[in-house]
Peer 1: 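I have a structure I would like to understand better, so I am pasting it below and will then ask my questions one at a time.
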Amino acid sequence: MMQAMIFAAGLGTRLKPLTDTMPKALVSVGGEPLLKRVIHNLSVAGVDRIVVNVHHFAQQIIDYLKENDNFGLDIRISDESAGLLETGGGIKHAAPLFAPDAPILIHNVDILSNVDLRHFYQRAGGLLKTDGLANVTADAPDALVGAAADVPDALLLVSQRKTQRYLLFDDMMRLVGWTNIATGEVKSPYPDLDPKACRMYAFAGIHALSPRMIPLMNQFPDRFSIIDFYLQTCATHRIEGFAKDDLQLMDIGKLDTLAQAEEFLVKVKSPSQPSQSGRA
């Protein structure tokens with residue numbers, strides 16, 4: 001079982017006036033809607049089930065998927081028409097739609113990249129040959145315990161792109177905090193954390209979450225940020241970053257990036273044609 005969630009509920013305000021009449025997910029890039037591109041890449045990776053959250057022009061997305069027979073996949077809708085729940089709240093709201101025993105690969109609808117999503121999912125503990133690792137107990141065989149212990153609670157794709165806001169990691173790439181270098185603000189469960197002593201990476205909008213983290217979301221309100229969730233749980237759980245050395249990534253967040261996206265698509269290697277190493 002390989003499952004994923006596509007964040008497609010956003011208002012897409014930076015893509016106005018296009019998003020005055022359609023959701024960001026259906027904005028065309030290189031002749032295809034963003035949503036179709038992400039679904040295709042997830043399908044190529046082997047995803048069996050996809051949950052798509054919707055809010056802005058929700059019915060357009062629902063109709064588009066229906067017209068395309070869900071692209072032959074098990075695609076489920078998480079309806080946020082009553083109000084946007086942000087990234088963490090969106091996952092919490094969609095939780096009943098997921099299988100309880102496999103990591104959830106989460107992908108922003110406006111991200112294009114050269115990431116091998118299948119390998120990334122494997123790094124997050126998905127597709128292991130041994131079943132039921134999420135429920136392994138201490139009295140299980142050593143091989144099972146060892147395999148389960150090596151699975152992170154969440155894996156975040158990160159990059160070295162320049163920004164004002166960075167995630168902070170220790171030398172083992174365990175998440176320890178967040179900072180805004182423009183304002184000096186720091187968020188961390190460690191009160192004396194020095195950002196300068198940490199590895200600083202930008203979040204790339206792709207991550208994988210272990211199902212064993214879902215119950216922790218019951219302590220959070222209906223609406224919250226997934227990054228805030230990770231920051232509040234990283235001291236007690238393994239929230240790890242993965243920096244892909246040759247990462248090529250584009251966030252289709254503004255109108256000027258649309259003009260660059262077609263050239264970007266030509267430049268990046270398609271996930272359907274992974275490199276010889278087969279690594280993300």
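Every heavy atom of this structure was used, including side-chain atoms; hydrogens, water molecules and symmetry mates were not.
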Peer 1: About how many Å separate CE of Met1 and CG of Asp101, when rounded to the nearest 0.5 Å?
Peer 2: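 Those atoms lie 8.0 Å apart.
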Peer 1: Nearest heavy-atom pair of Ile252 and Ala261: which atoms, and what distance?
Peer 2: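 Taking every non-hydrogen atom into account, CD1-CB, 3.8 Å.
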Peer 1: Do Phe220 and Asp228 have side chains that get closer than 4.5 Å, going by heavy atoms?
Peer 2: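 Result no, sub-4.5 Å side-chain heavy-atom pair not found.
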Peer 1: For Ile50 and Phe71, run side-chain contact (heavy atoms from CB on, under 4.5 Å): C-alpha distance rounded to whole Å, both residues' side-chain angles, the deciding distance at 0.1 Å, then the answer.
Peer 2: CA-CA 11 Å; Ile50 300 174; Phe71 297 96; over 6 Å; no
Peer 1: Measure the spacing between CE of Met217 and CD of Gln219 and express it to the nearest 0.5 Å.
Peer 2: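 It comes to 11.0 Å.
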Peer 1: Would Leu231 end up clustered with Leu156 when hydrophobic side chains under 4.5 Å apart are linked, directly or stepwise?
Peer 2: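 Yes: a chain of side-chain contacts under 4.5 Å links Leu231 to Leu156.
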Peer 1: Under the side-chain hydrogen bond (donor to acceptor under 3.5 Å, both in side chains) rule, what pairs show up with a residue in residues 200-209, not counting sequence neighbours?
Peer 2: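 Matches after skipping sequence neighbours: His207-Tyr230.
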Peer 1: Excluding sequence neighbours, so at least two apart, what forms side chain to side chain contact (heavy atoms under 4.5 Å, CB included) with Ala204?
Peer 2: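 Once residues adjacent in sequence are excluded, the partners of Ala204 under the side chain to side chain contact (heavy atoms under 4.5 Å, CB included) criterion are Leu157, Leu249.
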Peer 1: Ser43 side chain to Ile39 main-chain N or O, any donor-acceptor pair under 3.5 Å?
Peer 2: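 No, the answer is negative, given that no donor and acceptor are paired below the 3.5 Å cut-off.
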Peer 1: For a quick test of reading the model, state the closest non-hydrogen atom pair linking Gln60 to Pro23 and the distance between them.
Peer 2: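 That closest heavy-atom pairing would be OE1-CD, 3.3 Å.
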Peer 1: Name all residues meeting the side chain to side chain contact (heavy atoms under 4.5 Å, CB included) criterion together with Glu263; count only those two or more places apart in sequence or in a different chain, and write none if there are none.
Peer 2: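 Counting only residues at least two positions away or on another chain, Glu263 forms no side chain to side chain contact (heavy atoms under 4.5 Å, CB included).
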Peer 1: State, to 0.1 Å, how close Asn180 and Ala182 come at their nearest heavy-atom pair, and which atoms those are.
Peer 2: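 Reported closest heavy-atom pair: OD1-N, 2.9 Å.
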Peer 1: Going by side-chain hydrogen bond (donor to acceptor under 3.5 Å, both in side chains), name the pairs with one or both residues in residues 10-19, residues two or more places apart or in two chains.
Peer 2: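 Every side-chain hydrogen bond (donor to acceptor under 3.5 Å, both in side chains) pair that includes a residue of residues 10-19, provided the two are not neighbours, is Lys16-Asp20.
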Peer 1: Treat each ILVMFWY residue as a node, draw an edge where side-chain heavy atoms are under 4.5 Å apart, and state whether Ile91 and Leu117 are in one component.
Peer 2: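 No; Leu117 is not reachable from Ile91 via cluster members.
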Peer 1: Distance check, rounded to the nearest 0.5 Å: Ile239 atom CD1 versus Phe169 atom CZ?
Peer 2: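 Reported value, rounded in 0.5 Å steps: 10.0 Å.
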Peer 1: Which residue pairs pass the salt bridge (Lys or Arg N to Asp or Glu O under 4.0 Å) test with at least one member in residues 64-81, sequence neighbours excluded?
Peer 2: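 Qualifying pairs, neighbours excluded: Arg49-Asp74, Asp74-Arg76.
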Peer 1: So which atom in Leu84 and which in Ala9 form the shortest heavy-atom distance, rounded to 0.1 Å?
Peer 2: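 The pair with the smallest heavy-atom distance is CD2-O, 3.3 Å.
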Peer 1: Give the C-alpha distance, both sets of side-chain angles, the deciding distance and a yes or no for side-chain contact (heavy atoms from CB on, under 4.5 Å) between Val52 and Val109.
Peer 2: CA-CA 9 Å; Val52 180; Val109 77; over 6 Å; no
Peer 1: Under 4.5 Å between side-chain heavy atoms, chaining through other members, with only Ile, Leu, Val, Met, Phe, Trp and Tyr counted: pull out the rest of the cluster around Tyr190, sorted by chain and number.
Peer 2: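 Direct or chained contacts put Tyr190 with Tyr166, Leu168, Val176, Ile181, Leu193, Met200.
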Peer 1: Taking all atoms of both residues into account, what is the closest heavy-atom pair of Cys198 and Asp194, and its distance?
Peer 2: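 Where Cys198 meets Asp194 most closely, the heavy atoms are SG-O, 3.4 Å.
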Peer 1: Report yes if the side chains of Leu209 and Ile214 come closer than 4.5 Å at any heavy-atom pair, otherwise no.
Peer 2: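 Touching, per the 4.5 Å side-chain cut-off.
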Peer 1: What residues, two or more places apart in sequence or in another chain, satisfy ring pair (Phe, Tyr, Trp, His ring centres under 6.0 Å) together with Tyr121?
Peer 2: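 Testing Tyr121 for ring pair (Phe, Tyr, Trp, His ring centres under 6.0 Å), a comparison that skips the adjacent residues, returns none.
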Peer 1: Do side-chain atoms of Arg37 reach the backbone of Gly30 as a donor and acceptor pair under 3.5 angstrom?
Peer 2: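 Yes, the answer is positive, given that a donor and an acceptor are paired below the 3.5 Å cut-off.
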Peer 1: Looking at Lys244 and Asp116, does any basic side-chain N land under 4.0 Å from a carboxylate oxygen?
Peer 2: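 Between Asp116 and Lys244 there is no salt bridge, as every charged N stays at least 4.0 Å from the carboxylate O atoms.
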Peer 1: Is there a donor-acceptor pair under 3.5 Å between the side chain of Lys92 and the backbone N or O of Arg223?
Peer 2: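 Absent.
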Peer 1: Within the side chain of Asn53, is there an N or O that forms a donor-acceptor pair under 3.5 Å with the backbone of Gly90?
Peer 2: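 Absent.
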Peer 1: Taking the side chain as C-beta and beyond, is there a heavy-atom pair between Met173 and Val158 under 4.5 Å?
Peer 2: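 Yes, side chains in contact.
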Peer 1: Has the side chain of Asn114 got a donor or acceptor atom that lies under 3.5 Å from a matching backbone atom of Asp246?
Peer 2: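 Indeed, once roles are kept as given, a pair shorter than 3.5 Å links the two residues.
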Peer 1: Does Ile226 offer a backbone N or O that forms a donor-acceptor pair with the side chain of Thr87 under 3.5 Å?
Peer 2: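 Side chain of Thr87 to backbone of Ile226, a donor-acceptor pair under 3.5 Å: yes, one is there.
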Peer 1: Consider only side-chain heavy atoms of I, L, V, M, F, W and Y, link residues closer than 4.5 Å, and tell whether Phe120 and Met213 are in one cluster.
Peer 2: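 Different hydrophobic clusters.
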Peer 1: If you apply the rule side-chain contact (heavy atoms from CB on, under 4.5 Å), what do you find for Val47 with Leu73, and how did you get there?
Peer 2: CA-CA 8 Å; Val47 169; Leu73 300 170; 6.0 Å; no
Peer 1: Among residues two or more places apart or on two chains, list those pairs meeting salt bridge (Lys or Arg N to Asp or Glu O under 4.0 Å) that have a residue in residues 160-185.
Peer 2: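 Checked against salt bridge (Lys or Arg N to Asp or Glu O under 4.0 Å) - neighbours excluded - the pairs reaching residues 160-185 are Asp171-Arg199.
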Peer 1: Applying side-chain hydrogen bond (donor to acceptor under 3.5 Å, both in side chains) as the test, list every pair that has at least one member in residues 21-34; sequence neighbours left out.
Peer 2: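 Only Lys24-Asp110, Glu32-Lys36 qualify under side-chain hydrogen bond (donor to acceptor under 3.5 Å, both in side chains).
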Peer 1: Is there a side-chain contact between Thr179 and Lys187, using heavy atoms and a 4.5 Å cut-off?
Peer 2: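 In short, these two side chains do not touch, never coming nearer than 4.5 Å.
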Peer 1: Could you tell me whether the side chain of Phe203 reaches within less than 4.5 Å of the side chain of Ile227, counting heavy atoms only?
Peer 2: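 Ile227 reaches Phe203 side chain to side chain.
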Peer 1: Does Gln3 use its side chain to pair, donor to acceptor, with the backbone of Ala102 at less than 3.5 Å?
Peer 2: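 At least one qualifying donor-acceptor pair exists.
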Peer 1: Group every Ile, Leu, Val, Met, Phe, Trp and Tyr by side-chain heavy-atom contacts under 4.5 Å, then state whether Leu167 and Phe7 land in the same group.
Peer 2: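 They do share one cluster, since a chain of ILVMFWY contacts under 4.5 Å joins Leu167 to Phe7.
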Peer 1: With sequence neighbours excluded, what pairs up with Pro189 under the side chain to side chain contact (heavy atoms under 4.5 Å, CB included) test?
Peer 2: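 By the side chain to side chain contact (heavy atoms under 4.5 Å, CB included) rule, Pro189 matches Cys234, Ala235.
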Peer 1: Please step through side-chain contact (heavy atoms from CB on, under 4.5 Å) for the pair Leu34 and Leu26, ending with a clear verdict.
Peer 2: CA-CA 6 Å; Leu34 284 165; Leu26 296 185; over 6 Å; no
Peer 1: For Gln260, does the CD atom sit with more than 12 other heavy atoms under 6.0 Å from it, leaving out its own atoms?
Peer 2: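 Counting neighbours around CD of Gln260, more than 12 heavy atoms of other residues, nucleotides or ligands fall under 6.0 Å, so yes.
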Peer 1: Among residues at least two apart in sequence or on other chains, which ones pass ring pair (Phe, Tyr, Trp, His ring centres under 6.0 Å) with His107?
Peer 2: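 If we apply the ring pair (Phe, Tyr, Trp, His ring centres under 6.0 Å) test to His107, skipping adjacent residues, there are no hits.
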Peer 1: Is there a continuous path of hydrophobic side-chain contacts, each under 4.5 Å between heavy atoms, that joins Ile206 to Trp178?
Peer 2: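 Per the 4.5 Å side-chain linkage, Ile206 and Trp178 are not co-clustered.
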Peer 1: On a heavy-atom basis, which atom in Pro103 and which in Gly125 lie closest, and how many Å separate them?
Peer 2: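 Scanning both residues completely, I find the closest heavy atoms to be CG-C, 3.9 Å.
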Peer 1: Looking at CG of Leu65 and CD1 of Ile77, how far apart are the two atoms once the value is rounded to the nearest 0.5 Å?
Peer 2: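 Those atoms lie 5.0 Å apart.
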Peer 1: Not counting sequence neighbours, which residues clear side chain to side chain contact (heavy atoms under 4.5 Å, CB included) with Ala94? List them please.
Peer 2: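 Side chain to side chain contact (heavy atoms under 4.5 Å, CB included) check on Ala94 returns Met5, Val51, Ser78, Phe98.
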Peer 1: How long is the span from the CG atom in Leu175 to the CG atom in Leu155, to the nearest 0.5 Å?
Peer 2: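 The CG atom of Leu175 sits 11.5 Å away from the CG atom of Leu155.
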Peer 1: About how many Å separate CG of Leu112 and CG of Asp251, when rounded to the nearest 0.5 Å?
Peer 2: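 Interatomic distance, Asp251 CG to Leu112 CG, rounded to 0.5 Å: 9.0 Å.
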Peer 1: Flag the pair Ile106 / Ile6 as yes when at least one side-chain heavy-atom distance between them is below 4.5 Å, and no otherwise.
Peer 2: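 Side chain of Ile106 against side chain of Ile6, heavy atoms only: no contact under 4.5 Å found.
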